[in-house]
Protein chains: 2
Amino acid sequence: MESNGEKAVVSSSENGKSETETAESSSKDGSICGFDSLHHLLQESLSPPLFQEVSRLLLGLNCGKSLETIALPEPAGALSSKHDFDLQAYSFRADKESLRGPRLVRVGLVQNGIALPTTAPFSDQKRAIFQKLTPIIEAAGASGVNIICLQEAWMMPFAFCTREKRWCEFAEPIDGESTEFLQEFARKYNMVIINPILERDIKHGETLWNTAVIIGNHGNIIGKHRKARNAAIANSYFVGSINRVGTEVFPNPFTSGDGKPQHADFGHFYGSSHFSAPDASCTPSLSRYKDGLMVSDLDLNLCRQLKDKWGFRMTARYEMYSYLLARYVKPDFEPQVISDPLLRRST
Amino acid sequence: MESNGEKAVVSSSENGKSETETAESSSKDGSICGFDSLHHLLQESLSPPLFQEVSRLLLGLNCGKSLETIALPEPAGALSSKHDFDLQAYSFRADKESLRGPRLVRVGLVQNGIALPTTAPFSDQKRAIFQKLTPIIEAAGASGVNIICLQEAWMMPFAFCTREKRWCEFAEPIDGESTEFLQEFARKYNMVIINPILERDIKHGETLWNTAVIIGNHGNIIGKHRKARNAAIANSYFVGSINRVGTEVFPNPFTSGDGKPQHADFGHFYGSSHFSAPDASCTPSLSRYKDGLMVSDLDLNLCRQLKDKWGFRMTARYEMYSYLLARYVKPDFEPQVISDPLLRRST
């Protein structure tokens with residue numbers, strides 16, 4: 001995943017996961033006015049030249065051109081049709097370099113809804129998600145994906161909103177059954193799998209963590225990461241953003257602590273998973289309400305090319321940030337406030 | 001501008017200022033298919049319910065609602081009609097609090113093109129920009145703006161792209177003629193002015209800086225800032241982003257160092273200045289090709305409300321960042337690279 005300081009960051013964070021909806025304008029299923037994505041709404045509603053311009057403004061250009069789609073092998077498409085999940089594939093290019101060839105990595109993002117009601121036995125719920133994900137992961141395998149990333153806490157409902165402790169029963173050690181389920185696919189398809197689970201660290205007082213387990217392409221566990229999210233342009237990374245889909249109804253109504261009445265669901269999760277590149281181009285988004293697999297070829301050469309173009313690391317003043325942060329963490333830290341000296345006179 | 005760690009950041013940075021354009025899709029004047037902004041293109045081309053949904057996705061909601069427009073006093077509108085500059089005004093609300101009232105500040109952003117060809121005598125060019133800006137600043141004054149922010153290096157063409165040193169003649173000390181020009185308006189309208197100039201620091205070896213001079217509402221110089229740009233959501237700030245407008249043609253063709261042929265202009269500057277708020281809502285953008293004034297009421301209470309909602313400062317691990325940065329700036333720093341132990345075997 002990392003070499004020479006260049007990375008493909010694959011994130012399963014779900015910032016802003018549940019939109020505030022105005023009751024009159026949105027149907028419960030997460031579509032926008034019946035369309036499964038903003039991209040399709042605009043494509044159907046605007047004339048082709050207008051759509052082309054609006055897409056350019058919203059999605060940017062990659063090396064001066066619109067992103068190209070990739071044709072995936074037939075079995076992937078067949079799985080998508082049979083199991084009714086969204087399937088999209090794009091290619092991010094980099095400029096040709098003279099001292100090294102393209103360094104392509106094919107990455108897949110998976111978004112999905114839960115499979116059974118949240119009231120079903122927990123083991124059944126988990127097993128049903130495994131079953132639902134199988135054809136999607138098979139499609140990624142058939143597509144030659146090198147790294148596949150599942151969504152945050154993919155093996156359970158997003159129950160954190162209820163604040164009820166019983167959902168912690170879904171938690172697993174990093175070598176638990178969800179990891180075991182995925183290790184087989186890693187070996188079968190020779191792919192790295194980013195496996196974000198609710199982790200229970202038994203060796204450290206049964207602590208809970210929001211953890212991504214990294215499974216190597218031989219099925220081995222390479223390591224784990226306990227959640228940080230990043231920005232593609234500022235860091236010269238690729239970012240894959242996943243959001244789950246569907247409305248998850250919980251047995252006991254709860255509040256969101258916002259002064260509004262209690263409710264039994266957290267709003268719909270609107271999917272729309274996508275990739276962003278260090279040159280500010282991005283793919284259209286997956287469906288707002290269907291399970292989906294987004295595949296993209298990333299040429300990692302683009303990372304250093306954009307570092308060289310912007311030179312953020314040359315102009316950043318790390319010494320100063322280090323000095324300021326060292327002061328900031330001191331208990332007696334006082335922020336620097338520059339005020340108009342005339343303010344003192346007038347009061 | 002700053003109290004209790006809450007700020008309205010008014011930035012004049014021009015990141016990504018010149019779009020890569022596909023020759024067939026954009027006219028030289030910076031319009032998109034004849035429309036002066038993405039907002040107007042979508043408004044004219046989509047049915048009202050579709051437009052409402054697309055706007056919600058692109059602009060977000062402020063306290064759960066679409067941003068409201070402000071009616072400005074009549075003289076401001078009259079100046080905008082007479083001098084043909086775009087004029088828009090919005091209000092960012094915050095939730096009602098019980099221990100403090102709203103803390104409103106009215107802020108104006110100005111975008112403008114240059115006034116004379118770049119081949120005119122420099123002093124004439126500068127004076128013509130002063131003249132062109134006068135009615136726009138008067139409109140801000142008539143609108144009761146508390147803080148007005150001009151664009152980066154507003155007193156000259158954006159000549160940095162040419163790499164020619166002669167344009168440095170435009171540089172001024174922080175109390176130079178551009179500051180003097182604005183001090184009068186600060187006093188007349190009782191407003192703070194953010195004045196971003198190309199600065200020549202005579203006391204330190206005639207160094208050049210990309211500087212914002214802060215002029216107090218009594219016309220005094222409060223201080224200066226030598227350029228940093230920030231993100232509204234992550235920092236719980238309001239951000240005002242300005243981009244200039246128009247195509248600036250220079251006498252000597254130059255290259256952009258991108259392997260493409262030399263050219264005499266840097267592409268068109270596409271305006272589109274706008275405000276973003278800490279709750280991820282933002283205003284539509286000013287025109288892509290006309291001078292413009294964007295006025296917004298910002299309730300600074302929104303800053304702390306969003307800090308309390310997201311708790312970034314409670315969950316950030318500043319001690320660890322401080323430790324990591326202190327290591328990073330050491331000459332013998334080695335990045336942490338976690339690699340699959342099986343990789344060693346297979347090679």
Side-chain angles (χ1 to χ4, degrees), chain A residues 1-3 5 15-16 19-22 25-26 32-33 35 38 41-42 45-47 49-50 52-54 56-58 60-61 64-66 95 192 214 216-218 220 222-223 231 233-234 258-259 280 309 318-319 321-323 325-329 335-343 346, chain B residues 1-5 15-16 19-22 25-26 32-33 35 38 41-42 45-47 49-50 52-54 56-58 60-61 64-66 95 192 214 216-218 220 222-223 231 233-234 258-259 280 309 318-319 321-322 325-329 335-343 346:
Chain A
M1 286 292 289
E2 169 151 355
S3 70
N15 255 346
E19 285 174 0
T20 308
E21 300 285 349
T22 47
S25 62
S26 304
I32 11 174
C33 305
F35 291 94
L38 176 63
L41 183 158
L42 295 171
S45 311
L46 298 174
S47 68
L50 284 188
Q52 189 186 332
E53 273 301 88
V54 170
R56 181 179 67 82
L57 293 183
L58 295 182
L61 297 176
K65 292 184 186 160
S66 302
D95 285 332
V192 170
I214 318 297
N217 58 327
H218 297 94
N220 55 313
I222 299 179
I233 306 172
D258 56 2
K309 174 170 180 176
Y318 296 109
E319 256 89 9
Y321 311 152
S322 172
Y323 168 74
L325 261 177
R327 281 197 355 189
Y328 183 84
V329 297
Q336 184 196 26
V337 177
I338 296 168
S339 58
D340 187 343
L342 296 185
L343 282 178
S346 60
Chain B
M1 287 290 291
E2 169 154 353
S3 69
N4 300 321
N15 255 345
E19 285 173 1
T20 307
E21 300 285 350
T22 47
S25 62
S26 304
I32 10 175
C33 305
F35 292 94
L38 177 62
L41 182 159
L42 295 172
S45 311
L46 298 175
S47 68
L50 284 189
Q52 188 186 332
E53 273 300 87
V54 171
R56 180 178 68 82
L57 294 184
L58 295 181
L61 298 175
K65 292 181 187 164
S66 301
D95 285 331
V192 171
I214 318 299
N217 57 327
H218 297 95
N220 54 316
I222 299 178
I233 305 173
D258 56 2
K309 174 169 180 178
Y318 296 108
E319 257 89 8
Y321 311 153
S322 173
L325 261 178
R327 281 198 354 188
Y328 183 84
V329 297
Q336 185 196 27
V337 177
I338 296 169
S339 58
D340 187 343
L342 297 185
L343 281 180
S346 61

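Here is the naming used below: chain letters follow the sequence lines, and residue numbers restart at 1 for every chain. Predicted model, so just to flag it, every value in this text is computed and none were measured.
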Considering all heavy atoms of both residues, which atom of A326(A) and which atom of S322(B) are nearest to each other, and what is their separation?
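Taking every non-hydrogen atom into account, CA-OG, 3.4 Å.
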Out of L42(A), N217(A), I222(A), which one racks up the most heavy-atom pairs below 4.5 Å with chain B?
I222(A)
Of the non-hydrogen atoms in E319(A) and V329(B), which two are nearest, and what is the gap between them?
N-CG1, 3.7 Å
Considering only heavy atoms and a distance below 4.5 Å, find which of Y323(A), F35(A), Y328(A) pairs most often with chain B.
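Highest number of pairs under 4.5 Å: Y328(A).
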What's the shortest heavy-atom distance between P49(B) and C33(A), and which atoms?
O-SG, 4.1 Å
Would you say L50(B) and I32(A) make side-chain contact, with heavy atoms under 4.5 Å?
no
Could you walk me through whether I214(B) and D340(A) pass side chain to side chain contact (heavy atoms under 4.5 Å, CB included), step by step?
CA-CA 10 Å; I214(B) 318 299; D340(A) 187 343; over 6 Å; no
Quick one: what part of N220(A) sits under 4.5 Å from any heavy atom of chain B, side chain, backbone, both or neither?
side chain
S45(B) and L46(A): which non-hydrogen atoms are nearest, and at how many Å?
CB-CD2, 3.4 Å
